[in-house]
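Okay, so here's the structure we're looking at.
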Amino acid sequence: MKILSNLGNLGNLANIGAQRESPEMRMALDNIAQVDGEIQQKIFQLGQAYYEENKAKKEDDLEEKYAPFVQMVKKLEENRKGYYKNKLRLEGLMMCENCGATISYGSVFCNQCGKKADEKSEDGGMPVSAPETPKCSQCGAVLEEGSLFCTSCGAKVG
């Protein structure tokens, strides 16, 4: 018990030391923390800029060390799109595959662009991706190759 009591006293001494920290030390620590935050923000912006410039490239055209990250972000964006479409469906809406407009669920034609609601345009509509990746029929998440069940909702594939 005496050992635990002594450890508690050591913790109190450390807190007292921190409370007696000089204003100059506090300012130095605050400046370091602020610059660390700015560095993290710039690294994030750099990654975002790199992704935006390279997301349209084929995997073989990407630098090898960055390709897995770009591919993962693409996959996450596809999953997000699936979740968003599911959200719209739950609201009685859907997204036009040609122009991206939100329209009533079950619409055959888009009231914004006039195209069939389930067609994608090759001329200026929403970007048409390479071969369609397999998606879960229940939640719209992108499925891993060879999956028997969806990793997002657990639904059986196929």
Side-chain angles (χ1 to χ4, degrees), residues 7 11 14-15 18 21 25-158:
L7 286 176
N15 289 336
E21 197 171 82
M25 178 62 81
R26 175 66 9 227
M27 183 178 285
L29 293 173
D30 288 346
N31 288 339
I32 291 168
Q34 179 182 352
V35 171
D36 282 348
E38 290 174 14
I39 290 169
Q40 291 300 315
Q41 182 182 21
K42 295 304 173 194
I43 290 171
F44 174 80
Q45 291 171 340
L46 175 64
Q48 199 170 26
Y50 180 87
Y51 176 71
E52 289 300 322
E53 287 181 22
N54 292 282
K55 69 181 179 182
K57 291 182 179 179
K58 294 179 182 172
E59 189 170 359
D60 295 340
D61 295 335
L62 294 168
E63 291 182 51
E64 188 176 328
K65 62 183 174 183
Y66 300 120
F69 297 106
V70 172
Q71 294 305 319
M72 181 55 73
V73 173
K74 284 181 180 181
K75 185 175 179 180
L76 290 168
E77 285 181 338
E78 281 291 315
N79 282 345
R80 185 190 184 286
K81 185 177 179 182
Y83 295 140
Y84 181 72
K85 286 180 174 182
N86 191 41
K87 174 194 166 286
L88 289 176
R89 183 186 58 79
L90 293 170
E91 296 172 335
L93 302 169
M94 61 188 243
M95 181 188 308
C96 172
E97 292 295 328
N98 179 56
C99 70
T102 302
I103 56 179
S104 296
Y105 189 78
S107 296
V108 177
F109 292 94
C110 176
N111 62 3
Q112 298 295 310
C113 69
K115 296 269 186 184
K116 271 196 149 187
D118 59 355
E119 284 183 358
K120 289 187 179 182
S121 171
E122 297 290 335
D123 61 336
M126 288 181 62
V128 177
S129 55
E132 191 68 29
T133 54
K135 295 180 185 162
C136 174
S137 62
Q138 298 297 313
C139 72
V142 175
L143 298 170
E144 296 286 333
E145 189 174 326
S147 294
L148 297 177
F149 294 90
C150 175
T151 58
S152 295
C153 72
K156 187 171 182 173
V157 175

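As the structure is a computational prediction, the values presented were derived from the model and not from experiment.
The two residues Gln112 and Ala101 have their closest heavy-atom pair at CG-CB, 3.4 Å. Of all heavy-atom pairs between Asn98 and Cys113, the closest is ND2-SG, 3.0 Å. Val70 approaches Asn54 most closely through the heavy-atom pair CG1-O, 4.3 Å. Here the shortest heavy-atom pairing between Ser107 and Ser104 reads OG-O, 2.7 Å. Nearest heavy atoms, Gln138 versus Ala155: CG-CB, 3.3 Å.
Put simply, the residue from Lys116, Lys115, Lys85 that forms a salt bridge (charged side-chain N to carboxylate O under 4.0 Å, His left out) with Glu97 is Lys85.
To the nearest 0.5 Å, the span separating CD1 on Ile103 from CG on Leu88 amounts to 10.0 Å.
Among pairs with a residue in residues 42-53, those fulfilling side-chain hydrogen bond (donor to acceptor under 3.5 Å, both in side chains) read Lys42-Gln45, Tyr51-Glu77, Glu52-Lys55, at least two apart in sequence or across chains.
A salt bridge does not link Glu78 to Lys74: none of the charged nitrogens lies less than 4.0 Å from a carboxylate oxygen.
Around the CZ atom of Phe69, the shell of radius 6.0 Å holds no more than 12 heavy atoms that belong to other residues, nucleotides or ligands. For Glu91, the CD atom is densely surrounded, since the number of other residues' heavy atoms within 6.0 Å is greater than 12.
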